[in-house]
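Take a look at the structure set out below.
Remember, it's 1-based here, ligands and their atoms both numbered in the order they're listed.
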Amino acid sequence: MPWWSKHSSKDEKKKSSKESIIDAFNRKLGFGSEDKSSCRSRKSRRRRDEIVSQRGAISRLPSRSPSPSTRVSRCQSFAARSPAVPLPRPALRTAVTRIDSGSQRPGSNASLPLPKPHGGASNVPDSSGAEADFTTASVSSGSSVGDNPSDSILSPLASDCENGNRTALNISSRDQPMHSNKNSAEMFKPVPNLSNKNRRPLGTRVKNLQIPKRDLVLCSAPDSLLSSPSRSPMRSFVPDQVSNHGLLIGKPYPDVSLLGSGQCSSPGSGYNSGNNSIGGDMSTQLFWPQSRCSPECSPVPSPRMTSPGPSSRIQSGAVTPLHPRAGGSTTGSPTRRLDDNKQQSHRLPLPPLLISNTFPLSPTYSAATSPSVPRSPARAEATVSPGSRWKKGRLLGMGSFGHVYLGFNSESGEMCAMKEVTLCSDDAKSRESAQQLGQEIAVLSRLRHPNIVQYYGSETVDDKLYIYLEYVSGGSIYKLLQEYGQFGENAIRNYTQQILSGLAYLHAKNTVHRDIKGANILVDPHGRVKVADFGMAKHITAQSGPLSFKGSPYWMAPEVIQNSSGSNLAVDIWSLGCTVLEMATTKPPWSQYEGHAFVRNVMPLERPLVSAESAESMNVVASSTMRSLDIGHARSLPLDSEDTSNYQQKVLKPGLGFSTSQSPRNMSCPISPVGSPIFHSHSPHISGRRSPSPISSPHVQSGSSTPLTAGGGAIPFHHQRQTTINLLQEGIGSSRSPGSAGNFYTNSYFQEPRQPRSSPRTPPHVFWDNNGSIQPGYNWNKDNQPVLSDHVSQQLLSEHLKLKSLNLRPGFSTPPGSTNRGP
Ligand SMILES: Nc1ncnc2c1ncn2[C@@H]1O[C@H](COP(=O)(O)OP(=O)(O)OP(=O)(O)O)[C@@H](O)[C@H]1O
């Protein structure tokens with residue numbers, strides 16, 4: 001026998017003697033002769049039974065298929081505690097949750113049906129087995145369970161800030177259908193699918209606890225009239241779930257209350273103050289970023305989000321007249337109804353309205369929406385806040401005043417543009433912005449024209465002002481130019497005609513826009529054009545003084561720059577001419593000149609930078625420039641003859657190198673496409689150059705110019721000052737050395753040398769032929785001489801150098817008699 005066999009034989013003997021001892025011990029204890037394995041399994045079974053018995057208080061169902069987590073749980077219990085000692089309940093709860101996440105439903109009866117969308121409901125909380133129900137409630141239907149209704153766990157969207165109402169006070173049992181009565185069903189009409197489609201397998205929801213899954217909780221029973229179809233996201237959480245969720249791991253139970261308080265509703269908002277409101281805790285937003293009907297959970301908050309909820313309407317500083325599309329209807333909107341509820345709970349005095357006019361012809365127009373009707377709390381309740389309908393969507397654009405968002409009316413399916421401006425009373429700029437916006441509202445609310453963006457309404461919510469406007473999905477002309485390049489002739493014609501139509505309407509109301517430019521002209525998908533951004537618009541009355549310095553410089557009429565010509569509707573026509581050029585070239589005239597160079601390295605002055613005399617000198621330069629460009633020939637009469645004489649007296653000043661034989665030129669503004677300066681300017685997309693200014697060829701006959709504005713369309717010759725100012729800016733601010741003509745016109749329209757035409761000269765009006773088609777050609781002066789860009793450049797350079805001699809020293813006085821009025 002080998003040595004190992006001997007050894008083994010000894011071990012066996014030891015083993016058998018040991019076993020015999022154990023057997024004897026077992027026999028003493030009365031276990032009989034069970035084998036060893038059965039002994040071990042008995043121990044295990046006993047422990048398991050103990051656990052199950054513990055769980056029995058929570059779950060009436062045996063585990064079907066213990067999940068790994070279940071086993072872990074048991075192992076932990078087995079290892080940590082003596083089998084004879086019952087596990088403490090808290091530990092059991094944890095174990096239950098883990099088991100549940102593994103596909104079981106501890107604490108719940110698996111046979112319990114999921115909530116049904118229709119049928120009887122009970123508001124009676126299932127007070128039995130509260131612990132278990134914490135789990136079940138969130139799992140099965142989102143119904144909340146608790147002794148105190150205020151502590152009920154609400155479904156995800158219950159506290160939608162749009163309604164701000166306390167919801168899910170009802171604590172339906174798991175097997176209770178959702179809609180208990182007609183009233184509640186009625187309330188859910190607008191969102192009938194929410195309850196049905198959100199019925200999901202219980203285990204799935206529990207297992208994943210993912211945001212989309214919480215939709216299930218929309219099924220929670222809205223038994224109460226106060227219930228909202230949209231439920232608070234946080235209310236679907238129970239402590240176990242919260243503790244299980246990755247984002248909230250470690251959060252103590254009280255955090256659930258925190259998460260469920262405040263955010264979705266306004267502080268002190270009647271019904272929903274307290275548990276149903278969610279606020280302050282950012283983890284809530286992290287947790288429910290996709291909450292439908294819950295703007296505060298949206299990446300882009302709605303006005304309601306910024307508002308304290310229901311009080312937003314009441315705090316509205318300026319609920320202005322509403323357009324029909326603003327949603328005059330008062331039926332069928334749970335949001336609105338709830339909003340009204342909020343108003344009932346916050347009968348705060350309403351501030352005075354900004355607007356005294358509205359759309360009386362509107363079918364939904366009512367006295368309640370009319371600011372002319374004295375407001376009372378009761379009346380205020382009937383007032384429809386546009387914000388209660390429009391939910392803020394993506395960013396459409398940004399302006400100097402604020403942001404413009406897409407708004408969506410989930411009831412009507414309509415869209416709008418929501419202009420949002422933050423108002424800060426302690427900021428002078430904000431105050432000015434607010435003032436301008438108020439002006440914009442005042443103007444817009446009086447306008448109704450297919451070529452003017454329609455105003456729907458406005459309101460203030462907290463520190464934000466919202467203006468609801470017709471949504472023009474194509475974006476601005478500026479944007480289209482950036483994306484697609486210059487427009488073709490037909491598009492320019494068409495757009496210009498439409499803008500003119502809008503301006504004619506506007507001017508007929510004695511209102512001047514003052515900021516016509518590509519960025520403020522919107523285009524819809526059908527090519528319809530809408531004038532927008534009335535922030536600088538002004539209603540001109542007999543008492544109106546001169547137009548203040550407002551507008552966008554490249555598009556700004558000279559008289560506006562000089563602040564000298566009084567209120568004139570025609571300034572819009574100048575700007576339109578610049579816009580026409582913008583459409584044709586993608587840039588406004590004079591865009592090659594940047595304003596920054598002008599102010600760079602400039603010495604501080606004690607008096608206005610551009611004195612009357614310097615302005616006069618600038619006019620000279622401008623006229624020279626105009627002549628160089630062969631522009632400014634009269635096509636229409638100036639507004640008054642004074643302009644002509646001014647021109648003769650001031651522009652044709654001796655000693656500046658200009659011939660007095662030049663007859664005064666009455667610059668006509670681009671009144672119509674025919675009379676537009678682009679008409680005979682030379683298309684950049686023809687010659688590869690861009691027209692330097694909104695000017696017309698001398699060969700264009702004045703008859704083609706038809707003033708469409710109420711104030712007379714023609715603008716006198718002193719418009720040339722804009723040119724001059726640009727030149728002056730360049731001359732003073734630029735560090736370019738004399739003779740650096742090429743640099744001077746860097747990026748200018750004149751930089752590229754022109755190639756002379758070999759074929760017969762095209763008449764001066766080469767840009768548009770008789771058929772209205774664009775013809776290739778070059779600039780020609782009135783003598784049919786080609787106006788080469790090189791020539792122009794040299795001329796401009798010459799003037800540029802002269803400008804450098806301008807005396808802009810402080811104290812440089814304005815000669816008596818000289819005015820800013822222009823030539
Ligand atoms: N009704 C609208 N429909 C679609 N987009 C719009 C609408 N209104 C404005 N936008 C977009 O928002 C941008 C900014 O709007 P707007 O010009 O009215 O703001 P603003 O603050 O008044 O700007 P500005 O600096 O010109 O005064 C526009 O360029 C456009 O892209």
Side-chain angles (χ1 to χ4, degrees), residues 300 320 323 325-326 386 390-409 414-424 427 429-445 447-458 464-484 495 498-499 502 506 512-538 548-556 560 572 575-576 578-579 582-583 586 588 595:
V300 182
T320 57
H323 184 269
R325 291 192 176 197
W390 300 108
K391 293 181 169 59
K392 190 159 73 175
R394 67 183 170 87
L395 185 69
L396 295 176
M398 287 185 289
S400 51
F401 292 132
H403 297 172
V404 180
Y405 296 93
L406 180 65
F408 182 68
N409 185 333
E414 289 182 293
M415 297 180 182
C416 79
M418 300 170 57
K419 196 170 194 172
E420 179 191 79
V421 183
T422 302
L423 306 171
C424 303
D427 178 2
K429 187 173 179 295
S430 288
R431 276 199 301 272
E432 185 188 343
S433 300
Q435 185 185 358
Q436 293 199 3
L437 286 164
Q439 192 160 317
E440 180 172 9
I441 293 170
V443 169
L444 268 173
S445 63
L447 304 178
R448 192 177 182 87
H449 187 272
N451 296 117
I452 292 177
V453 67
Q454 188 60 55
Y455 168 81
Y456 292 166
S458 60
K464 289 190 166 40
L465 169 65
Y466 290 91
I467 304 178
Y468 304 94
L469 302 165
E470 171 187 10
Y471 172 50
V472 190
S473 62
S476 68
I477 282 179
Y478 170 81
K479 186 188 132 202
L480 293 172
L481 288 169
Q482 298 300 308
E483 290 184 11
Y484 304 105
Y495 286 7
Q498 293 186 62
I499 299 168
L506 186 69
V512 59
H513 185 280
R514 294 201 288 182
D515 200 15
I516 294 293
K517 60 179 179 180
N520 290 334
I521 309 293
L522 305 175
V523 186
D524 79 3
H526 306 289
R528 274 190 293 267
V529 160
K530 314 263 183 184
V531 178
D533 193 358
F534 285 73
M536 295 186 184
K538 184 179 182 182
S548 51
F549 188 83
K550 287 182 177 177
S552 303
Y554 296 121
W555 292 261
M556 200 182 289
V560 178
D572 285 341
S575 301
L576 175 58
C578 300
T579 305
E582 185 186 3
M583 288 190 279
T586 74

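- Closest of all the heavy-atom pairs between Asn451 and Val529 is ND2-O, 2.9 Å.
- In terms of protein heavy atoms, atom 20 (P) of ligand 1 is closest to Gly399 CA, 3.5 Å.
- Ranking the protein heavy atoms by distance from atom 27 (O) of ligand 1 puts Asp533 OD2, 2.8 Å first.
- The protein heavy-atom contact nearest to atom 30 (C) of ligand 1 is Leu522 CD2, 4.1 Å.
- Close contacts of ligand 1 with Tyr471, meaning ligand atoms under 4.0 Å from a residue heavy atom, involve 3 (N), 4 (C).
- Of the heavy atoms in Val421, none comes closer than 4.0 Å to ligand 1.
- Regarding atom 3 (N) of ligand 1, its nearest protein heavy-atom neighbour is Val472 N, 3.0 Å.
- The shell of residues lying under 4.0 angstrom from ligand 1, judged by heavy atoms, includes Gly402.
- In this structure, atom 18 (O) of ligand 1 lies nearest to the protein heavy atom Lys419 NZ, 2.9 Å.
- Residues Tyr455 and Leu447 form no side-chain contact, since every pair of their non-hydrogen atoms from C-beta on lies 4.5 Å or further apart.
- In this structure, Lys479 has no heavy atom closer than 4.0 Å to ligand 1.
- Using a 4.0 Å cut-off to heavy atoms of Val453, the atoms of ligand 1 that qualify are 1 (N).
- Shortest non-hydrogen contact noted between Val404 and Ala417 is CG1-CB, 3.9 Å.
- Near Asn520, meaning under 4.0 Å from any of its heavy atoms, are these atoms of ligand 1: 17 (O), 26 (O).
- Of the candidates Glu420, Glu440, His403, Glu470, the one placing a heavy atom closest to atom 1 (N) of ligand 1 is Glu470.
- In this structure, the separation between CD on Gln454 and OG on Ser445 is 10.0 Å, given to the nearest 0.5 Å.
- Between Met536 and Val512, the closest side-chain pair of non-hydrogen atoms is not below 4.5 Å.
- Ligand-side atoms of ligand 1 in range of Gly397: 12 (O), 13 (C), range being under 4.0 angstrom from any heavy atom.
- The local environment of CZ in Phe408 is crowded, with over 12 non-hydrogen atoms from other residues, nucleotides or ligands closer than 6.0 Å.
- Going from atom CD1 of Ile467 over to atom CZ of Phe534 covers 12.0 Å, rounded to the nearest 0.5 Å.
- From the protein, the heavy atom lying nearest to atom 10 (N) of ligand 1 is Val404 CG1, 3.7 Å.
- Under 4.0 angstrom from ligand 1, the non-hydrogen atoms of Ala519 all belong to its backbone.
- Taking every non-hydrogen atom of Ala417 and a distance limit under 4.0 Å, the qualifying atoms of ligand 1 come out as 1 (N), 2 (C), 3 (N), 7 (C).
- Annotation: side chain of Tyr471 is not in contact with side chain of Glu414 (no heavy-atom distance under 4.5 Å).
- Pairing each heavy atom of Lys392 with each of Met418, the nearest pair is CA-SD, 3.7 Å.
- The single protein non-hydrogen atom nearest to atom 5 (N) of ligand 1 is Leu396 CD1, 3.8 Å, given as residue, atom name and distance.
- One finds the NZ atom of Lys530 at 12.0 Å from the CG atom of Leu469 (value rounded to the nearest 0.5 Å).
- Using a 4.5 Å heavy-atom cutoff, the side chains of Tyr405 and Glu420 are in contact.
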